Structures are given as C-alpha cells and as structure tokens.
2 protein chains.
Amino acid sequence: MDGEAIKRSLEERGLRCTPQRYAVMAFLMEQNSHPTAAETFEAVNRVDPRSSRATTYNNLRDLVKAGLVREVAVEGRAARYDAQGVRHHHFICDRCGEVEDVDWYEVRKPASRALGKRYVRECEVIFRGLCARCARRRSSR
Amino acid sequence: MDGEAIKRSLEERGLRCTPQRYAVMAFLMEQNSHPTAAETFEAVNRVDPRSSRATTYNNLRDLVKAGLVREVAVEGRAARYDAQGVRHHHFICDRCGEVEDVDWYEVRKPASRALGKRYVRECEVIFRGLCARCARRRSSR
DNA sequence: TCTCAGATTAGATATATTCCAAATAGTTCA
DNA sequence: TGAACTATTTGGAATATATCTAATCTGAGA
C-alpha cells in the first residue's frame with residue numbers, strides 16, 4: 001500500500017490524514033514484529049520528531065477503533081499492535097516470549113452447544129511452545 | 001480440590017503453603033472470570049486482610065512459574081489469571097470486552113511448512129464476536 | 001526449640017496509559 | 001480569501017499496573 005492508499009483508507013473511515021497519524025500507520029504496516037506503543041512512538045520520532053507520546057496513543061486508539069490496526073492478544077504488560085492487511089495466527093515462545101506470525105487458516109468451530117448464543121466472527125489461534133531458536137538450543141544440550 | 005489438595009500441589013512444586021499463597025490459589029480456583037492481580041489482591045484481603053500488594057504479585061508470579069496458574073492472553077493493560085484445572089479456550093466480546101470460557105477441544109495444526117522448526121505444545125483459540133448478551137441487544141434494534 | 005532459606009511487608013520506583021486544557025491545523029462555506 | 005468550526009496535537013499531570021528493595025518474619029526440618 002502506498003501513501004495515497006493509506007490516505008484514502010484513513011479518510012474513508014472519517015479520520016484526517018495528519019502527518020503523525022500517517023506515520024503511525026505507515027510504520028505499523030511495514031513491521032511484522034507487533035510493536036508496542038512505546039516502540040511506535042520512538043520509531044516514528046526517529047524519522048521525524050514531530051509526534052508526542054499522547055498523540056501516538058491517541059492515534060493507536062483511533063486506528064484500532066477504525067479497524068485499520070488491531071491490538072494483539074498476548075500476555076505481557078504493554079499492548080502490541082499490528083496493521084498488516086493479511087490476518088494471521090500467533091506463536092508465542094514459552095521460553096523467550098517472542099511473538100511470531102503463523103499463516104492464517106480457518107479453524108473448526110466447537111460444537112454449537114459450547115458456543116451457545118454467541119456470534120463468532122473469527123477464530124484466532126495462539127500456538128505455544130518453543131520457537132525455532134529456543135528449540136535448537138534446548139535439544140543441543 | 002480441597003484445602004489439603006491445594007497444600008499438596010503447592011508443596012509438590014517446592015512452594016511453601018503460606019496463608020497468603022493459599023488464599024491466592026483458592027480464590028483463583030473458584031473464579032471463572034479471569035481476575036486481574038488487583039482483583040485478586042482485593043478479594044483475598046476482603047476475607048482476611050493479611051496480604052500485601054507485593055505479596056499478591058509475588059505469589060501470582062510464583063504460581064505461574066510453578067504451572068499451577070496461567071496468565072490469560074487477552075488485549076488490555078492488566079494481566080489476567082486463571083487457575084482452573086481444565087484447559088479451555090476463550091471468547092472475547094468485541095463489544096463489551098467480556099472474556100468467557102469455551103470448552104477445550106483439539107485444534108488442527110497448520111501445514112508443517114507454516115510452523116517450520118517450531119515445537120508446538122498447545123493450540124489455544126481466541127474466539128471473537130458478540131457474547132450472548134450483546135448479540136441479543138444488537139439484533140433487537 | 002533453633003535455625004535459616006523462603007516468604008512477606010511497606011513504601012519507593014519503574015513502566016504503561018489516559019486525562020486535561022490550551023494551542024494548532026485542517027475543512028467548509030460564505 | 002478568511003471566518004468559523006471541529007478534529008487533532010501537545011506537554012505535563014494524573015492514574016493504573018507492576019516490580020524492586022531492604023528489613024523483618026515465619027514455617028519446617030534438624
């Protein structure tokens with residue numbers, strides 16, 4: 001997605017395309033490491049120091065509300081964000097805590113008895129175990 | 001699980017059964033609402049005001065490390081805990097944020113290509129959508 | 001009972017996030 | 001163009017969450 005496309009997708013959802021907001025969106029789109037708010041703030045200001053901490057938080061909140069960014073469900077103190085178009089599952093390493101992406105695939109839903117009157121929009125999987133690096137270290141000892 | 005059983009399971013993992021630790025464990029076991037550390041602290045002290053905030057945090061950390069309690073993966077700032085013996089998936093309501101349990105069932109793993117050299121111990125599903133209450137409110141308007 | 005590693009404590013500190021009220025910058029429209 | 005309106009940004013204060021510290025205490029084995 002190029003600059004114009006980002007601008008359009010912001011405006012489609014009633015958000016002005018400000019330099020600060022654009023920078024947050026563009027940064028998140030090029031990352032696949034699920035940055036925290038603090039990392040986003042730092043990265044955005046390294047390029048062009050025009051954004052305040054509060055603005056970064058405001059923009060993250062607004063982008064999530066607009067559906068352009070999602071907050072990743074992981075344990076841990078700081079929220080992590082993800083603006084990649086393609087949906088994916090997550091793998092969390094028991095040992096080093098790294099969060100990695102796993103290609104999306106549809107997951108079988110449980111018996112409807114278990115879901116009751118809930119409406120399920122999506123099923124995300126969190127895989128847990130050892131990441132490639134930790135698995136290697138573990139087995140070589 | 002009764003009191004003796006809790007005591008035994010703590011000691012099996014090398015943790016002393018102190019009143020404070022016992023209280024945290026017993027409280028978490030009887031909840032299915034994934035309490036936060038603050039809620040745990042408050043509940044435990046409502047019954048018997050002998051536990052400090054730091055101790056509650058220490059005990060939660062120790063119990064997680066010992067494998068008796070697990071930290072639930074959800075968005076949001078405060079960590080949530082769960083000491084139920086039976087493993088389960090989670091449902092998070094898009095609208096009200098409520099986290100509910102869904103009976104455990106095994107999930108198909110993706111093609112091994114997608115997992116690479118990772119070792120997968122478990123696959124937890126996070127369902128998202130509308131909880132029964134929110135689904136009802138939504139459709140009746 | 002004595003001993004001491006493990007556990008607890010209050011309070012300080014660190015980290016993450018939100019709030020606030022004032023200033024600024026897009027947008028609309030006359 | 002520029003007045004008026006509103007969304008956005010800002011720094012700093014406030015709040016929420018979590019961890020650290022150093023002193024003290026306690027429970028379980030000898």
Side-chain angles (χ1 to χ4, degrees), chain A residues 3 6-27 34-45 47-66 68-69 71-81 97 99, chain B residues 3-4 6-27 34-45 47-66 68-69 71-81 97:
Chain A
I6 292 181
K7 182 160 190 286
R8 248 178 294 120
S9 67
L10 289 172
E11 289 173 351
E12 270 166 17
R13 324 230 171 186
L15 295 173
R16 283 186 192 162
C17 183
T18 65
Q20 295 88 343
R21 187 170 285 153
Y22 179 94
V24 167
M25 190 66 202
F27 170 69
H34 318 94
T36 62
E39 285 161 2
T40 304
F41 170 71
E42 216 231 314
V44 159
N45 277 270
V47 176
D48 179 0
R50 271 195 294 177
S51 197
S52 75
R53 192 174 312 277
T55 297
T56 303
Y57 277 98
N58 288 344
N59 280 327
L60 287 168
R61 191 212 326 101
D62 295 345
L63 291 168
V64 168
K65 206 185 301 174
L68 292 169
V69 166
E71 208 177 318
V72 181
V74 290
E75 298 94 338
R77 28 244 116 273
R80 294 184 164 275
Y81 298 89
V99 180
Chain B
E4 267 310 305
I6 292 181
K7 183 161 189 287
R8 246 179 295 120
S9 67
L10 288 172
E11 289 172 351
E12 270 167 17
R13 325 230 170 185
L15 295 174
R16 280 189 195 161
C17 182
T18 65
Q20 294 87 342
R21 186 171 285 154
Y22 179 93
V24 167
M25 191 65 201
F27 170 69
H34 318 93
T36 61
E39 285 161 2
T40 304
F41 170 70
E42 216 231 315
V44 159
N45 277 270
V47 177
D48 180 0
R50 271 194 293 178
S51 196
S52 75
R53 192 174 311 277
T55 298
T56 304
Y57 277 97
N58 288 343
N59 280 327
L60 286 168
R61 190 208 332 97
D62 295 345
L63 291 169
V64 168
K65 207 186 301 176
L68 293 169
V69 166
E71 207 178 318
V72 181
V74 290
E75 299 94 336
R77 24 241 120 275
R80 294 183 163 275
Y81 299 90

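In what follows, chains carry the letters A, B, and so on, assigned in the order in which the sequence lines appear, proteins first and then strands, with residues in each chain numbered from 1. The structure presented is a predicted model; accordingly, all values stated were derived computationally and were not measured.
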Open item on the list: In whole Å, I'd like the distance from the CZ atom of A:Phe41 to the P atom of D:dG12.
Closed with: 12 Å

Task: Side chain A:Thr55, main chain A:Ser51, donor-acceptor under 3.5 Å - done: no

Open item on the list: For a quick test of reading the model: is some side-chain N or O of A:Thr55 closer than 4.0 Å to OP1 or OP2 of D:dT9?
Closed with: no

- [ ] Specify the separation, in whole Å, of atom CG of B:Asp48 and atom P of C:dT8.
- [x] 13 Å

Task: Rounded (10°) bend between the five-pair end axes of the helix from C:dT1-D:dA30 to C:dA30-D:dT1 - done: 30°

TODO: Using whole Å, report how far CD of A:Glu42 lies from C1' of C:dA16.
DONE: 15 Å

TODO: Step through the shown structure and confirm whether more than 12 heavy atoms of other residues, nucleotides or ligands are within 6.0 Å of CZ on A:Arg53.
DONE: no

Open item on the list: Any heavy-atom pair between the side chains of A:Phe27 and A:Thr40 that's under 4.5 Å?
Closed with: yes

Task: Rounded interatomic separation in angstrom, taking CD from A:Glu39 and P from C:dT15 - done: 14 Å

Open item on the list: Under a 3.5 Å distance rule, please check whether B:Arg80 uses its side chain to pair with a backbone N or O of B:His34 as donor and acceptor.
Closed with: yes

Task: Pairwise side-chain contact, A:Arg16 with A:Leu10, heavy-atom cut-off 4.5 Å (strictly under) - done: no

Task: Distance, rounded to the nearest Å, where B:Arg50 contributes CZ and D:dT24 contributes P - done: 21 Å

- [ ] Indicate yes or no for a side-chain donor-acceptor contact from A:Arg13 to the backbone of A:Ala66 under 3.5 Å, with no hydrogens or angles considered.
- [x] yes

Task: Proximity to DNA chain D (any heavy atom under 4.0 Å), residues of residues 11-19 of chain B only - done: B:Glu11, B:Arg16

TODO: Enter the distance from A:Tyr22:OH to A:Leu15:CG here, rounded to the nearest 0.5 Å.
DONE: 15.0 Å

TODO: Compare side-chain N and O positions of A:Arg21 against OP1 and OP2 of D:dT8 and report whether any pair is under 4.0 Å apart.
DONE: yes

- [ ] Nearest whole angstrom, please: distance from the P of D:dT9 to the OH of A:Tyr22.
- [x] 15 Å

Task: Pairwise distance CG(A:Asn45) to CD(A:Gln20) - rounded to 0.5 angstrom - done: 9.0 Å

TODO: Return the value, rounded to whole Å, for the distance between atom CG of A:Leu10 and atom P of D:dA7.
DONE: 16 Å

Task: Lys/Arg N to Asp/Glu carboxylate O, B:Glu12 vs B:Arg8, below 4.0 Å - done: no

Open item on the list: Does D:dT26 have its OP1 or OP2 closer than 4.0 Å to a side-chain nitrogen or oxygen of B:Gln20?
Closed with: no

TODO: Can you measure from CE (A:Met25) to OG1 (A:Thr18) and round to the nearest 0.5 angstrom?
DONE: 12.5 Å

Task: Gap between atom CZ of B:Phe41 and atom OG1 of B:Thr36 - 0.5 Å precision - done: 11.5 Å

Could you write out each protein N or O paired with an N or O of nucleotides 13-20 of chain D at a distance under 3.5 Å?
{"unit_1": "D:dA18", "atom_1": "OP1", "unit_2": "B:Ala79", "atom_2": "N", "d": "2.9"}
{"unit_1": "D:dA18", "atom_1": "OP2", "unit_2": "B:Tyr57", "atom_2": "OH", "d": "3.2"}

